[in-house]
Amino acid sequence: MLMIQWNNWTSNSDFILLGLFDHSSLHTFFFSLILGIFFMAFIGNSIMVILIYLDAQLHTPMYILLSQLSLMDLMLITTTVPQMAFNFLSGNKSISMAGCGLQIFFYVSLLGAECFLLAAMAYDRYVAICYPLRYPILMSHKICGLMAASSWILGSLDGIIEVAAALSFSYCGAREIPHFFCDVPALLTLSCSNTLIFEKIIFFCCVIMLTLPVAIIIASYTRVILAVLHMGSSESRHKAFATCSSHLMVVGMYYGAAMFIYMRPSSGRSPTQDKIVSAFYTILTPMLNPLIYSLRNKEVAKAFRKVLGIDKVAA
């Protein structure tokens, strides 16, 4: 009797993820494309983490922060895509309450952590270019470690708060989430409870977590650009711009999509738009990050050749 009641409770507490695709030929092609992007992102970010760990010359604050970004992207893409692929291939679109809670926690935590980490990376470039002689002091390994750890901790706190609040509400009806993963705004549309206050709190938190790092990034790069323009050597200007432009490309893609999703009023939300934009910064951006940083970075390319033994063969 207890077993029957438990089975009924678990089945009634499951959610249905409507996903991105149906099983038409066109959607099957797009699913295969996303699966390919997932494997590229998984391999690319794994390589970045391993290279920076193995090569002692990359044990500098800039690359340590970059390895944390790759680790976050690696975890972010594995939080959403495997569940989406399982639902599509098996035809079973359900996800348990616990599974939904885990997705929310990791997804929100990693997004929040990346917000703060990108600001730390901007500060690192600001110190390196504007105060190169004081860089070892202002951006020591201890300070770098504290910045990275703070990013993880602040992101995790945000994840704990949001998952605890989201799962405290009552959900009723068809329990069909119009998304390919458990996203809090999409989940709240199914709630039988009054979620207005919580939605306002989420909006306020998102404003702080997005605008504060963006303000730090803008201030840092304004000073960087002014400093670069006053450099006498064209080679130094080119190197500084190349390093900073890579970071600015990542910042633009990440914050642009995040602001579109989380800083719009709920009345103007479209499930289709939210799914497409979410797919962009949870699937496509993690693939592009290692490409942007590795293709434009001689040190990473050199470390990769060293690990493969190409430099030794050439020598």
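One-based numbering along the sequence shown.
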Quick check: closest heavy atoms across [X] and [Y], and the distance to 0.1 Å?
| X | Y | value |
| --- | --- | --- |
| L117 | L69 | CD2-N, 3.3 Å |
| M209 | F116 | CE-CE1, 3.5 Å |
| G101 | V163 | O-CG2, 3.2 Å |
| I77 | A41 | CD1-CB, 3.4 Å |
| V224 | R125 | CG2-O, 4.0 Å |
| S156 | S109 | CA-OG, 3.5 Å |

*Please list, chain by chain and in numerical order, all residues satisfying side-chain hydrogen bond (donor to acceptor under 3.5 Å, both in side chains) with S94, sequence neighbours excluded.*
N92
Got [X] and [Y] here, is their nearest side-chain heavy-atom distance under 4.5 Å?
| X | Y | answer |
| --- | --- | --- |
| Q68 | V49 | no |
| D14 | I95 | no |
| I177 | L18 | no |
| N289 | L66 | no |
| D73 | E114 | yes |
| L54 | I50 | yes |
| E162 | D158 | yes |
| K200 | L196 | yes |

*asked:* Pair F15, Y171 - check ring pair (Phe, Tyr, Trp, His ring centres under 6.0 Å), show working.
replied: CA-CA 9 Å; F15 294 101; Y171 295 94; 5.4 Å; yes
Counting N and O atoms only, with roles assigned by atom type, does the side chain of [X] sit under 3.5 Å from a partner on the main chain of [Y], one being a donor and the other an acceptor?
| X | Y | answer |
| --- | --- | --- |
| T285 | T282 | no |
| S193 | S170 | yes |
| S151 | M147 | yes |
| R175 | I16 | no |
| S191 | L188 | no |
| S278 | K275 | no |
| Q103 | T79 | yes |
| H179 | G19 | no |
| S140 | P136 | no |
| N45 | P286 | yes |

Give a yes or no on whether [X] and [Y] share a hydrophobic cluster (residues Ile, Leu, Val, Met, Phe, Trp, Tyr; joining criterion: side-chain heavy atoms under 4.5 Å apart).
| X | Y | answer |
| --- | --- | --- |
| V81 | L89 | yes |
| F86 | F42 | no |
| I43 | M72 | yes |

_Evaluation steps, side chain to side chain contact (heavy atoms under 4.5 Å, CB included), between F88 and H23_ = CA-CA 8 Å; F88 181 82; H23 286 273; 3.7 Å; yes
*Does CZ in F38 sit with more than 12 non-hydrogen atoms of other residues, nucleotides or ligands closer than 6.0 Å?*
yes
_Ring geometry between F181 and Y107 (parallel below 30°, tilted from 30 to 60°, perpendicular above 60°)_ = tilted
*Step by step, work out the side chain to side chain contact (heavy atoms under 4.5 Å, CB included) result for I129 and R223.*
CA-CA 9 Å; I129 292 172; R223 296 292 302 274; over 6 Å; no
*In terms of side-chain heavy atoms, does Y63 have a donor or acceptor partner in D55 at a distance below 3.5 Å?*
no
*Atom CG in L71, atom CE in M48: separation rounded to 0.5 Å?*
12.0 Å
*ring pair (Phe, Tyr, Trp, His ring centres under 6.0 Å) pairs, two or more places apart, involving residues 145-169*: F169-F198
_Reference residue Y126; test ring pair (Phe, Tyr, Trp, His ring centres under 6.0 Å); the match among Y221, Y135, Y131_ = Y131
